[in-house]
Amino acid sequence: MVGYKRAISKMMAVILIVVIVVAAVAAYFLLVPPVPSPTATSPTTPTTPITPTTPTTPTTPTTPTAPGVPGKYIVVAYENQTMIPRDEVVPWSTINPGFLRDPVLDAMIMAGRYTTDPTIREILYKAIQKVSNYDLSLIWLVQTKAVRVYWEWLENIYFHPSFFFKANEISKNPSAPNPDMLIIGETEEGHTLDPAVTYWGFDWRIIHQIYDTLVTYEREETQYVVPSLAVAWAHTEDVSEWYFVIRGDVVFYDPWDNRTIPLTAEDVVYSFRRVVLMHQDPVWLISTFIDVNASEVVDVSDFENILSQGLPTEFKGSSTTVTSLDELLSFFNYTGNIAGVVKLKLTFPYAAILPVLATKTASIVSKTFVEDHGGVVPGEENDFMYEHPCGTGPYYLVKWEHNQYYELRANPYYWGEKKPTIERILIKLIPEDATRIMELKRGDLDYAVIPPSLVGEVQGVTLDNWNLIVYTPDTFIIMFAVVNCERYPFNITEVRQALAWATPYDQIIAGPYNNLAIQAFGVIPKGMFGYQDDDLNKYTFNLTKAQELLNKAGIDPSQISFTILLPEGYTEIEQEATILQAAWSQLGFHVDIQILSRPVYNDKMMSGDFDIHLIGWGPDYIDPDDYAGPLQCGGYNYDKVVAYLVNTWDEVGQYVDLNAATIVTYKDWTIVVGPLKA
């Protein structure tokens, strides 16, 4: 889940729980096609209070008067809003994990998903951030930093927030120990190296070395993708069809039969259809956005004819319309051979389709190789592909010795300009922190996973004049407490807000995360498009304010007991729970903690059999919809959701029924949510 979506330290391993859970639901997004939303003006500065929604029932419609500033209105209009029955909703998919019903927020989330207008998207997500901060189906705790510990003999190293690094882009000093080998200390092995099956961050990091995707990210860049197996792309005006020109002279390396297999455009279509047919954990990343049955290989001459009518394209913030293949390739500065053209038909125009295509689920496999080794059986895994990958990436798998190590070697047929300078990669699986730290300190490991609470043990360490580097970059990982909004008293907004005001954020940051975290304020993480912290509650530890809210709600905490659930084996989460137990008990609640095995924990959080549980979220792909959708969706279906940017209040009334509309604001922007006028 989801996404994003991944480093495996004890601090971050909670993300794996989430992705397994989300994988079980398979239908992450609602697939309702929108109509294009007209644009009237561009934004300036967004300040008015939010209209709160009722926590467990649909929002009571009010007739809004003309608020806001002219030219700063967004209309979110829907048709046939229906509540999904309780026995049909799925947390992290069609309803948020706290089971809070909120039709207004749900419509805004759908509008943010369906519109491709960047102005509308930005303001909607900033408003969604504000609502998530007020409604608090999740009590936002912290946004973590990563802990990257490595010897300085690793050169040109970088860490992308989704996929770590690609090893061919880094090097090792010739005077370092084992100069031709990168040795990594990890905590536990993953599940499978089949990109159509795995939803584990650790697997994704290895797959990133072996397979390529159509597009990728440039080192630590998160704002735009760059060409990989696709050298250029363009799309129709309505952004419903995308054309990708496939790189020529690329081969898959099959180390198991010691052969090469040329990359074709058919491999791309086959790869996406295979994910959908197999229908394994990460299927939603393809099936939600791409109609694989309507996607196809396009003859180059036919593509030239399509281009002659003009197709828009964008790259690194620049955009143009091209009318020939030469013009398209020139825009992307590509002069090599091509292997064909692929058309991807989207299920609806989606602004974040390129980030989706950078995920490891979208890795391109060889049709020939897969068909030679079992092919595709709908709904089933391919056992051979489990640990016999065949990719176009800079490395290939030599051996996976289960529960001990993975060994990779440089691909002699790699197509990229940056050929591997490190010949071998050895990933050692060392579950004991003390053992892993010991091996790192003596130079037997180049890089190792270290939990934040143990960073002090590796700071200032040297070896033969080499320094051990402790790098703590920002991440998109957020940690939170999930509150069961179906249970009394958590179905009362003021009670959830009281818990937020009674949370000692500074203590959580300093304790479990060793000051390697910042406070989280809502569903969108800092650094991501749509984040804001300038128009919301800045919760602090304030027991007086918390008690005032409980009094307002008519709650006597001394009469209420509840339990915080958490999965076993996660030190930081256990420490979070202890801190929250002590703090919330000061309000008079009787608070217990229960640590459960991962399967039992997952069952309870998916069924709603909990009071409060602790968990976290990281990106499947880098877009706010990968957070707002699974973490705040409100349990409603729509026949249509559409967003309009309009200039005046009179225009608002042309699109939406004001007698059944609700207002949400972000600063001086006014978002009017209601039924679409016929």
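Values reported hereafter were calculated over all heavy atoms of this structure, with side chains retained and with hydrogens, waters and symmetry mates removed.
If you look at Tyr601 and His613, their ring centroids are closer than 6.0 Å. Aromatic ring centroids of Trp140 and Phe480 lie under 6.0 Å apart. The ring of Trp153 has its center closer than 6.0 angstrom to the ring center of Trp466. For an aromatic pair to be called close, the ring centres must be under 6.0 Å apart, and Tyr395 with Tyr211 fails this. If you look at Tyr505 and Tyr539, their ring centroids are not closer than 6.0 Å.
Remark: Asp180 engages no residue in a side-chain hydrogen bond (donor to acceptor under 3.5 Å, both in side chains) (not counting sequence neighbours).
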side-chain contact (heavy atoms from CB on, under 4.5 Å), that's the test. Do Ile612 and Phe490 meet it? Break it down for me.
CA-CA 9 Å; Ile612 292 176; Phe490 309 121; 4.1 Å; yes
Yes or no on salt bridge (Lys or Arg N to Asp or Glu O under 4.0 Å) for Lys166 and Asp212, after CA distance, side-chain angles and deciding distance?
CA-CA 11 Å; Lys166 208 145 190 171; Asp212 291 311; 2.9 Å; yes
For Asp611 and Arg487, run salt bridge (Lys or Arg N to Asp or Glu O under 4.0 Å): C-alpha distance rounded to whole Å, both residues' side-chain angles, the deciding distance at 0.1 Å, then the answer.
CA-CA 7 Å; Asp611 298 320; Arg487 288 188 178 180; 2.8 Å; yes
Let me see the working for Glu169 and Asn156 under side-chain hydrogen bond (donor to acceptor under 3.5 Å, both in side chains), right down to the final yes or no.
CA-CA 7 Å; Glu169 297 186 1; Asn156 304 311; over 6 Å; no
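The cationic atom of Lys360 (NZ for Lys, CZ for Arg) does not lie both less than 6.0 Å from the six-membered ring centre of Trp204 and within 45° of the ring axis. The cationic group of Lys399 does not satisfy the cation-pi geometry with Tyr406, failing either the under 6.0 Å distance to the six-membered ring centre or the 45° limit from the ring axis.
Under 4.0 Å is where a charged nitrogen must lie from a carboxylate oxygen, and between Glu568 and Arg598 no such pair does. The existence of a salt bridge linking Lys172 and Asp446 is confirmed by a sub-4.0 Å separation between a basic side-chain nitrogen and an acidic carboxylate oxygen. Between Glu221 and Arg219, none of the side-chain N atoms (NZ, or NE/NH1/NH2) sits under 4.0 Å from a carboxylate O, so this pair counts as no salt bridge.
Residues Pro630 and Pro97 share a closest heavy-atom pair of O-CD, 3.6 Å.
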